[in-house]
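All remarks here apply to the structure that follows.
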Protein chains: 2
Amino acid sequence: MSRWRPDARQRLQQAALDLFAEQGFAETTVPAIAARAGLTTRTFFRHFADKREVLFADDAEASVLVAQLMAGAPAAAEPLTIIREGLRALAENRFEGRKAALRHRRELVRSDAGLQERDLRKRAALAEAIRDGFLARGLGAARAALLAETSVTLVYVSVAEWLDSDDDRKLDDIVGEMLAALRAEFG
Amino acid sequence: MSRWRPDARQRLQQAALDLFAEQGFAETTVPAIAARAGLTTRTFFRHFADKREVLFADDAEASVLVAQLMAGAPAAAEPLTIIREGLRALAENRFEGRKAALRHRRELVRSDAGLQERDLRKRAALAEAIRDGFLARGLGAARAALLAETSVTLVYVSVAEWLDSDDDRKLDDIVGEMLAALRAEFG
DNA sequence: GTCTATATCGCGATAGAC
DNA sequence: GTCTATCGCGATATAGAC
């Protein structure tokens, strides 16, 4: 029997999400989150670097997934093929099936400038992971950066369209359309 | 004889830049900035929303410039033409001739996560300005977003290359190369 | 776990500008 | 007189140090 109830991190996360939903992000203090989880403020900051991070804690997994995919792709694979396959895996693993939760988070992020900045940082981190993957595959710096940034653009524009739409279109189908649109634009 | 020395905003900005250079961003407190400018902390926050904003205060002008350019372009102009012309104007107006200062700012931004986030937000604001410009020209939402994000990618990847290079290449020439590279990639 | 620095913002008063 | 910039004081929350 342990001194602490388990899953402190999860409880903090849940408490935070609940309070954000109830009273908004800015109006929710860290002590309030910690109290609801039955923990101290100090413990909160041991699990999350700051209040914003609660909302993006598991976004880092996307970068890890991307790194694995890119390292595992055949040596001869074309960059564009890698991107298409990678976006498919990303859509399937990290987005599909979470539409409602992602919509909800999007609203929260829209309500606070600080959250928007953190969101952008996660996006930038994903771009870096992709860029590093291409660098590791021997591409030049500029080309790797260009491909990485464009990949992330595809993800974000597609996800936005997907979250806006009420039909049952698959995210990955939208990604395909966006890629086609991009090629039409710059072909 | 006035009660206040004029240019409070400029003095605050200069004091901040000096102190950031001397002791770093995180180590510089707002009271210290205000004191060096001969003002109070409260006055600092009336001019700048937060400590980070001092470094990016005039980035908003880029969005204004973009909005003007896009509104002024001929109705029949192709999106890609508008982008090419816009990036040329942007390079000329906001980057060319400021290489040393921009390099210095980049170092500062690299040193602090909060500054990185703010930098990304300014980048996002530029993308929004471009997207809005295309929307106003009647393009669909997805197409406008795709073109805007790609434009900003071109700017940032080009600027990074430009700041890294020690030769005298013009930023706009690098932009041209990047656009060509992008077309080669997705053509 | 406790303590504390410092960012940030609200409020009322004041001093010149127009 | 009204308007705006500034000051001075204070309150609170974040975040990090000890």
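In the text below, chain A, chain B and the rest are named by the order of the sequence lines, each starting its count at 1. Scope of the values below: all heavy atoms of this structure, side chains included, with no hydrogens, waters or symmetry mates.
Going from atom CD1 of B/Ile33 over to atom P of C/dT6 covers 13 Å, rounded to whole Å. Distance A/Phe48 CZ to D/dG16 C1': 18 Å, rounded to the nearest Å.
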* Asked: In B/S/- notation, 5' to 3', how is nucleotides 6-15 of chain D contacted by protein heavy atoms closer than 4.0 Å?
  -> BBBB---SSB
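Side chain to side chain, A/Thr40 and A/Thr43 meet the donor-acceptor criterion of an N or O pair below 3.5 Å.
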* Start with the C-alpha distance between A/Asp164 and A/Arg106, add both sets of side-chain angles, then the distance that settles salt bridge (Lys or Arg N to Asp or Glu O under 4.0 Å), and finish with yes or no. => CA-CA 11 Å; A/Asp164 283 336; A/Arg106 184 168 68 159; 3.0 Å; yes
* **Test side-chain contact (heavy atoms from CB on, under 4.5 Å) applied to A/Arg84 and A/Asp172, step by step** => CA-CA 10 Å; A/Arg84 190 66 194 86; A/Asp172 188 59; 3.2 Å; yes
* Asked: Does the salt bridge (Lys or Arg N to Asp or Glu O under 4.0 Å) test come out yes or no for A/Lys170 and A/Glu92, once each step is laid out?
  -> CA-CA 9 Å; A/Lys170 291 281 205 177; A/Glu92 194 53 50; 5.2 Å; no
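Linking ILVMFWY side-chain heavy atoms closer than 4.5 Å, directly or via other members, places B/Phe44 and B/Leu19 in a single hydrophobic cluster.
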